[in-house]
Amino acid sequence: MPSQKCCLTPLSGILLLALAVHQATAVQSPLTALPVSLNNDSSFNFDLLNMLSLASYDGADTGDVLSAANIIQPMNMTSYSDTFYQLAVARQAEASAANSKISAQSLNFAAASYYRRADFYLHSNWSDPLINTYWDNQTTCFNEAIATLNVPGQRVTIPADGFDTIGIFYGHGDANIRRPTLLVGTGYDGSQEDLLHGYGFEALKRGWNVMTYEGPGQPTVRRTQGLGFRPDWEKVVSPAVDYLVNNRTDVDVDKLALMGVSLGGYLAARAAAFEPRFKALVLDGGVWSFFDGLTNYLPPQLMDIFYAGNQTEFDDILNEVVVNNVTAPTEVRWGIQQGLWSFNTHSPYELIKMTEAYAVANITQLIKIPTFVAQSSDDTSFPGQGTKVANAIGPLAYLHNFTGPAAYHCQAGAYWQANQVYFNWLEGTLNVTNGISWYQ
Ligand SMILES: *[C@@H]1O[C@H](CO)[C@@H](O)[C@H](O)[C@H]1NC(C)=O
Ligand SMILES: *[C@@H]1O[C@H](CO)[C@@H](O)[C@H](O)[C@H]1NC(C)=O
Ligand SMILES: *[C@@H]1O[C@H](CO)[C@@H](O)[C@H](O)[C@H]1NC(C)=O
Ligand SMILES: *[C@@H]1O[C@H](CO)[C@@H](O)[C@H](O)[C@H]1NC(C)=O
Ligand SMILES: *[C@@H]1O[C@H](CO)[C@@H](O)[C@H](O)[C@H]1NC(C)=O
Ligand SMILES: *[C@@H]1O[C@H](CO)[C@@H](O)[C@H](O)[C@H]1NC(C)=O
Ligand SMILES: *[C@@H]1O[C@H](CO)[C@@H](O)[C@H](O)[C@H]1NC(C)=O
Ligand SMILES: *[C@@H]1O[C@H](CO)[C@@H](O)[C@H](O)[C@H]1NC(C)=O
Ligand SMILES: *[C@@H]1O[C@H](CO)[C@@H](O)[C@H](O)[C@H]1NC(C)=O
C-alpha cells in the first residue's frame with residue numbers, strides 16, 4: 001500500500017493528534033487497563049509479570065525484575081536466561097555474605113526465583129547441562145531459605161503409583177492444632193517453589209497450612225524420575241492426601257482444599273473427580289481442553305496434517321516452522337519446546353496426541369464439592385475455557401471473571417489481588433473463622 005503520509009494537511013495532522021489524545025484518555029481506567037507491558041515479547045512480558053507478582057510475597061524484588069525487563073531482548077531466550085542468571089548469582093552471593101538470618105532468607109528466596117527464571121526457556125535442548133545445574137542451584141537457595149522460616153518447610157517424598165509425589169509442607173509448628181489446609185499444584189511449566197510465594201505465604205498468613213506438590217512432567221519429577229505428564233492426576237494427588245490425613249496431626253480434614261494453577265486447572269479437576277476427601281476445589285483457571293488450548297496457536301493447514309495422521313510430515317513441518325525457527329513467536333516456540341520436554345517426547349505429533357486426554361468434559365459430573373473456577377478475560381492459554389468448565393460443573397461452581405490488572409492467565413502481575421478473592425471464597429466456603437494475620 002502506498003504511504004498516505006504525503007496527503008496529510010497540517011490540519012488533518014493536528015486532528016489525528018487530537019483524536020489520539022482523546023482515545024488515550026477515553027479508555028483509561030486502572031480497573032480495566034492491562035498492566036504496562038514489560039517486554040515486547042508477549043511470552044517474556046507474561047513471565048516478567050509473574051515475577052513482579054512474586055515481589056509481593058518475598059520471592060523477588062521489583063527493581064531486579066524491572067531492570068531485567070529493561071535489557072532482555074525480545075525473542076532471545078538466551079538473553080532471558082543470562083539476565084536472570086546474573087541476578088541469581090549476585091543475590092545468592094549476598095545471601096552467603098549476610099550476617100542477618102532474615103536478609104539471607106530473603107536473598108536466597110530471590111536467588112532461587114531468578115535461577116528458576118534462568119532455567120525457564122532452556123528446555124529445547126535436553127542435553128543442556130544448565131537444565132539441571134540451574135535447578136540444583138535454585139533448590140540449594142530455596143532450601144536454605146525455607147530452613148530458616150519460623151516454622152521450617154518440610155520436603156516430603158510420598159510413594160505413589162510407580163513414582164514419588166514430591167511435596168513441601170508448611171505449617172505453624174503446633175502439632176495438636178488442626179488447621180485448614182490447602183494442597184496446591186502447578187501446571188505445564190511452573191514449580192512448587194513458585195507456589196510458596198504465589199499462594200503459600202498468603203495461606204500461612206491466614207492461619208492455614210499449605211502443602212505444595214509436584215508430579216510427573218513437573219520440575220523435579222521430570223528431572224530426577226525421568227517422567228512426563230500423565231492425565232490420571234488422582235494418582236499423584238491421592239497419596240499426598242493420604243499423607244495429610246494419616247501422617248499429620250495438624251491438618252483439619254474437614255477443611256481440606258485443592259487448588260490447581262494453569263494446566264493445574266485440569267490436573268486438579270481430574271484429581272478432585274476421583275479423590276473424595278477434598279471439601280473445596282479452586283481451578284485457576286478452568287481448563288476445558290488442553291488440546292484446544294495448545295492447538296489454538298497452530299495454523300489450520302498444519303492441523304489438517306495432524307488430523308490426516310501423518311506423524312513424520314507433521315513433525316518435520318512443526319520443527320521447521322516453530323520449534324527450530326528463531327523468528328517464530330516465543331509464546332508458540334517455547335510452548336511446544338516446553339511441552340516436548342515435560343511430556344517426555346521428541347515428537348510434536350505425539351505431544352499433541354497426548355494432550356487429547358487432558359479434558360474435563362467426561363468428568364465434571366464426578367466433582368461433588370464447591371468449586372471456584374477462574375476465568376481471566378485476557379487468558380490466551382485457555383481463552384473462555386473457565387466459563388465452559390463452570391457451566392458443566394453446574395450449581396457447585398462459582399465462576400469468577402478476573403479483569404483489568406488481573407486479566408492475564410493465572411492473574412500474572414496481580415497475585416495479591418487474586419489471593420484476596422481466592423481466600424475470601426475459601427474461608428467462606430469452608431467456614432474458616434480462625435484466620436490470623438502476620439501483620440497483626
Ligand atoms: C517495543 O516495540 C516498539 C515498536 O517497535 C518500540 O518502539 C519500543 O522501543 C519497544 N520496546 C521495548 C521495551 O523493546
Ligand atoms: C541473545 O542474547 C545473548 C545475551 O544473553 C547474546 O549473546 C546473543 O548475541 C543474542 N542473540 C541474538 C541473536 O541477538
Ligand atoms: C545441546 O547441548 C549439548 C550440551 O551442551 C551440546 O553439545 C549440543 O550442541 C546442543 N545441541 C544443540 C542443538 O544446540
Ligand atoms: C550450581 O549447581 C552446580 C551443579 O550442582 C554446582 O556445581 C555449582 O557449584 C552450583 N553453583 C552455586 C553458585 O551454588
Ligand atoms: C506416613 O506414615 C506411614 C505409617 O507410619 C509411614 O509408613 C510413611 O512413611 C509415612 N509417610 C511419609 C511420607 O512420611
Ligand atoms: C507422509 O508425508 C510424507 C511427506 O509429505 C510423505 O512422503 C508420506 O508418503 C506420507 N505418509 C503417509 C503414510 O501418508
Ligand atoms: C518462522 O516464523 C516466522 C514467524 O512466524 C514465519 O514468518 C516464517 O515463515 C517461519 N520460518 C519458516 C522456515 O517456517
Ligand atoms: C469421553 O468419553 C467419550 C465417550 O465415552 C470417549 O470417546 C472420549 O474418548 C472420552 N474423552 C476423554 C478425554 O476421555
Ligand atoms: C469478563 O469481563 C470482561 C471485561 O469486563 C468481559 O469482556 C467478558 O465478557 C467477561 N467474561 C465473562 C465470562 O463474564
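Whatever order the structure lists them in is the order used to number ligands and atoms, beginning at 1.
- Stacking of R91 on the aromatic ring of Y114 is not recorded, the 6.0 Å distance cut-off and the 45° axial limit not both being met.
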Practice task
Show your working on ring pair (Phe, Tyr, Trp, His ring centres under 6.0 Å) between F120 and Y80 and close with a plain yes or no.
Solution key: CA-CA 9 Å; F120 193 75; Y80 199 94; 7.3 Å; no

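- Residue pairs meeting the salt bridge (Lys or Arg N to Asp or Glu O under 4.0 Å) criterion with at least one member in residues 137-155, sequence neighbours excluded: R155-E193.
- Protein residues lining ligand 2, listed by chain and number: Q73, N76, T78, S79, D82 [non-hydrogen atoms, distance under 4.0 Å].
- Ring orientation note: the planes of F201 and F109 are nearly perpendicular, at an angle over 60° on the 30°/60° scale.
- Atom CH2 of W416 has 12 or fewer neighbouring heavy atoms from other residues, nucleotides or ligands inside a 6.0 Å radius.
- Counted by atom type alone, Q337 and H123 present zero donor-acceptor pairs between their side chains at under 3.5 Å.
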